[in-house]
4 protein chains.
Amino acid sequence: MKKNKPKYMQIIDAAVIAIAENGYHQAQVSKIAKQAGVADGTIYLYFKNKEDILISLFEEKMGNFIEKIDQMIAGKGTAASKLLKMIEAHFSLLYEDHHLAIVTQLELRQSNKDLRHRINNVLKGYLQVIDKIIIEGIETGEFSPDLDVRLARQMIFGTIDEAATSWVMNEEKYNLLKLASPVHHLLINGCGFRGVVE
Amino acid sequence: MKKNKPKYMQIIDAAVIAIAENGYHQAQVSKIAKQAGVADGTIYLYFKNKEDILISLFEEKMGNFIEKIDQMIAGKGTAASKLLKMIEAHFSLLYEDHHLAIVTQLELRQSNKDLRHRINNVLKGYLQVIDKIIIEGIETGEFSPDLDVRLARQMIFGTIDEAATSWVMNEEKYNLLKLASPVHHLLINGCGFRGVVE
Amino acid sequence: MKKNKPKYMQIIDAAVIAIAENGYHQAQVSKIAKQAGVADGTIYLYFKNKEDILISLFEEKMGNFIEKIDQMIAGKGTAASKLLKMIEAHFSLLYEDHHLAIVTQLELRQSNKDLRHRINNVLKGYLQVIDKIIIEGIETGEFSPDLDVRLARQMIFGTIDEAATSWVMNEEKYNLLKLASPVHHLLINGCGFRGVVE
Amino acid sequence: MKKNKPKYMQIIDAAVIAIAENGYHQAQVSKIAKQAGVADGTIYLYFKNKEDILISLFEEKMGNFIEKIDQMIAGKGTAASKLLKMIEAHFSLLYEDHHLAIVTQLELRQSNKDLRHRINNVLKGYLQVIDKIIIEGIETGEFSPDLDVRLARQMIFGTIDEAATSWVMNEEKYNLLKLASPVHHLLINGCGFRGVVE
DNA sequence: AATGAATGAGGTTTCATTCAT
DNA sequence: TATGAATGAAACCTCATTCAT
């Protein structure tokens, strides 16, 4: 299994840095190889082609994240608290890894349609986690019983993603972590006012 | 003024079709020219370069849309009703123009960072419209008084955009227009349940 | 005869300016037309193609010059004095017309081989004038009887041309006219020293 | 160091042939690559761009030549004899390499101003060699003490260059080498007659 | 396993020239 | 005569991938 050899992650980590620092289209295979400290040809002993590096990058980084989240929400607690934890974990992941934030929020988006479909496949795991929380919330009565799960999921993911992207595009000038709670509040309560400020 | 000549819009419309049908990177200038029924060189009588076609495309299509929305929400009505109109207008724009939906939601996102920054500039106008509605809603007491405008805007835009992108990626299998009302309801009320289904 | 119409010389003069100011490869037909105050298409009513403008330019400017020189040396006087007059006329032509100097000494040289052959054809007239002076000098005993006319002509033309080109490349910092006499002296006497400074 | 690899000179030599046979503007990179027996892309492993091939070509061929001349005139001997050697070396270089003669005397002259300036920089070394000889000649009393070094240099270079160019334009019908001696004689003695044939 | 020199396909843009008005 | 919008051919360079060592 190639994935267990040290150079596999070495190349993926190099790709994150190379893409973050040079931009998607300027991160040539030779730059990634140089950053990884291996020869160009060596890349092809571990990855089928360049696209394979990118999809593997996303799988490794996001896959781990999804597993972590999945465990995190497995235990007890309200759906709302689980949602908050998820948002915090998501923001934390990007906040802690500057390079990764740039790569996932900006650079990887300019990949071609094919690659983006495969990235979306990875994301499906994340969306399923969100779905789980929503369904649990509905069942426990925390969330509105007539919630359209798909739409709610799109709101949750779209909002988190948009908040993260804006933060990266604003050169990370403010503390993303501090947005987790207000974002969470917004997703639960929406914009509307009901006479009581919670 | 080049923009008033018929070939200007002819080329832009051709670009939308060519990009939608071939993909961003496979929509060569020669393909756009062919689609427009002009010679390759003619393109450069109306646009500085290929990137200029794309930014102009976005400015024309989105710019017009933003103006329309802006007028639409100028009159009377609640902030909530204005938000609904906006969402309907947004979904309608994409629903009515299959090619445009593909181009704005999928293809144009793989443009390089420079072009994306210029696209974001156009989008700013849209975000300001959203801001206007939010602020109006807060002032009239419809929306929560302690709403963070920036976050609310990110939720609204992020949700609309994610819903639209999902619809396109799902090959537009369902009727996007019908989502306007439930999406609007979600944005106003959030996921949370308060014992009353409105 | 097209040559007698006012626009013929108008275009040629515009070409001199356009080439001098923009360089040979940046002097597009449209620039020449603009400088001449006519439409692009009008150029083709007076010239077969772009090359025809350039060759005509050279013929007009140099042709006139050669005729003038030819008349100048027709009268009495020593061969040496005629040579001096010719050098002075040559330097004067370039000294008086800044644009023409740049065009003939620098820009027109980057024309293709074909055009250069045709330019050389025009130059033949000039070379024949030089030959006339040399032969006359030999016959009168002023010049060495065993002079190889072709070589002497190459020395005279090569020296004048090199002096003129150097002057233009040095941005015409010094007075070219003042070089006529010392250049003439050099051509007559060579580098060698014979104990007497004339 | 790229210059030491065999393909570096292989490509330069191919460029000389391709340019000589096809003309400057018809010597596309692909033709040079084909002539060199390498792929188009290989060219760019050794040269920054097409212009870099041409300037390198000139530097290699002319640079070597200038060094050789410089050593040649370093030893003893009269200034006049050194001048003769230089002319012979110059004519010999072109006479021995048909392709190089065409390239330097005709084709490379149609390069753009920028490239020509860089070529002139290389030529400066040659002009300095000429200056050395002139100054030495003045100091030893061989040459006229009131010689203007710059003008003398222009005469010498202009004459040699014109003779060489004429020879190439006449399709090298006669033996250029045989012109070295009479050209040398002309440069030393000029056109004038002093009653004694030396 | 590792190297890195070599490959070669593919696209944007310019500009001389035409021709309908 | 004069216009100027439209034409369309043609080339430099990049970079993912291979393969002999």
Side-chain angles (χ1 to χ4, degrees), chain A residues 2 5-8 11 25-34 36-54, chain B residues 2 5-8 10-11 22 25-34 36-53, chain C residues 2 5-7 11 25-34 36-54, chain D residues 2 5-8 10-11 25-34 36-53:
Chain A
K2 298 250 156 113
K5 305 212 177 166
K7 283 194 180 160
Y8 177 81
I11 291 168
H25 288 294
Q26 281 308 303
Q28 295 88 347
V29 171
S30 63
K31 263 190 195 141
I32 296 174
K34 196 172 193 177
V38 300
D40 295 16
T42 305
I43 299 270
Y44 291 86
L45 297 175
Y46 295 88
F47 300 91
K48 221 169 59 236
N49 49 36
K50 188 181 179 181
E51 189 172 273
D52 190 30
I53 307 175
L54 305 177
Chain B
K2 295 257 157 95
K5 303 203 178 170
K7 288 202 174 148
Y8 177 81
Q10 189 176 330
I11 291 168
N22 299 284
H25 288 294
Q26 280 309 303
Q28 296 92 341
V29 171
S30 62
K31 267 189 193 138
I32 296 174
K34 197 169 196 176
V38 300
D40 293 15
T42 305
I43 300 270
Y44 293 87
L45 296 176
Y46 296 89
F47 301 92
K48 230 175 39 244
N49 48 40
K50 188 179 178 183
E51 187 173 270
D52 191 30
I53 307 176
Chain C
K2 299 248 154 117
K5 305 213 175 164
K7 283 194 180 159
I11 291 168
H25 288 293
Q26 281 307 304
Q28 295 89 346
V29 171
S30 62
K31 263 190 196 143
I32 296 174
K34 195 171 195 178
V38 300
D40 294 17
T42 306
I43 299 269
Y44 291 86
L45 299 174
Y46 294 89
F47 299 91
K48 223 168 60 235
N49 49 37
K50 188 180 179 182
E51 188 172 274
D52 191 29
I53 307 175
L54 304 177
Chain D
K2 296 255 156 103
K5 304 203 179 171
K7 287 202 174 149
Y8 177 81
Q10 189 176 329
I11 292 168
H25 289 293
Q26 280 308 304
Q28 296 91 342
V29 171
S30 62
K31 266 190 194 141
I32 296 174
K34 197 170 196 177
V38 300
D40 292 17
T42 305
I43 300 272
Y44 293 88
L45 296 177
Y46 295 89
F47 300 92
K48 230 176 38 244
N49 49 37
K50 188 180 178 183
E51 189 174 88
D52 191 31
I53 308 176

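Just so we're on the same page: letters track the sequence lines, and every chain starts at 1.
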Student: Quick check for you: to the nearest 0.5 Å, what is the distance between D:Ile11 atom CD1 and D:Ile53 atom CD1?
Tutor: 7.0 Å
Student: With rounding to the nearest 0.5 angstrom, report the OH to CZ distance, D:Tyr8 to D:Phe47.
Tutor: 5.0 Å
Student: Rounded to whole Å, how long is the line connecting atom NZ of B:Lys34 with atom P of F:dT7?
Tutor: 14 Å
Student: Side-chain N or O of C:Lys7 versus OP1/OP2 of F:dA2: is the shortest distance under 4.0 Å?
Tutor: yes
Student: Can you sort out the partners of B:Gln10 under side-chain contact (heavy atoms from CB on, under 4.5 Å), two or more places apart, ordered by chain and number?
Tutor: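 For B:Gln10 the side-chain contact (heavy atoms from CB on, under 4.5 Å) partners, ignoring immediate neighbours, are B:Lys7, B:Val38.
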Student: Could you report the tightest heavy-atom contact between A:Gln28 and A:Lys50, atom names first, then the distance?
Tutor: CA-NZ, 4.2 Å
Student: Determine, for nucleotides 13-21 of chain E in 5'-to-3' order, which nucleotides have protein heavy atoms under 4.0 Å from the base (write B), from only the sugar-phosphate (write S), or from neither (write -).
Tutor: BBSSBB---
Student: Run the side-chain contact (heavy atoms from CB on, under 4.5 Å) test against C:Asn49 and tell me which residues pass, sequence neighbours left out.
Tutor: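 C:Asn49: side-chain contact (heavy atoms from CB on, under 4.5 Å) contacts with C:Glu51, C:Asp52.
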Student: Show me, range against range, the stems involving DNA chain E, built from at least 3 consecutive Watson-Crick or G-U pairs below 3.5 Å.
Tutor: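 Runs of three or more consecutive pairs: E:2-21 with F:2-21.
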Student: B:Ser30 and B:Asp40: which non-hydrogen atoms are nearest, and at how many Å?
Tutor: CB-OD2, 3.5 Å
Student: For the pair made of CD1 in B:Ile53 and C1' in E:dG11, what is the distance, rounded to whole Å?
Tutor: 13 Å
Student: Using whole Å, what does the distance between atom C1' of nucleotide E:dA6 and atom CD1 of D:Ile43 come to?
Tutor: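 Distance check: D:Ile43 CD1 to E:dA6 C1' gives 12 Å.
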Student: Suppose we screen for side-chain contact (heavy atoms from CB on, under 4.5 Å). Which residues come up paired with B:Asn22, at least two apart in sequence or across chains?
Tutor: B:Ala18, B:Gln26, B:Lys31
Student: What is the distance, rounded to the nearest whole Å, between atom OH of D:Tyr46 and atom C1' of E:dG4?
Tutor: 11 Å
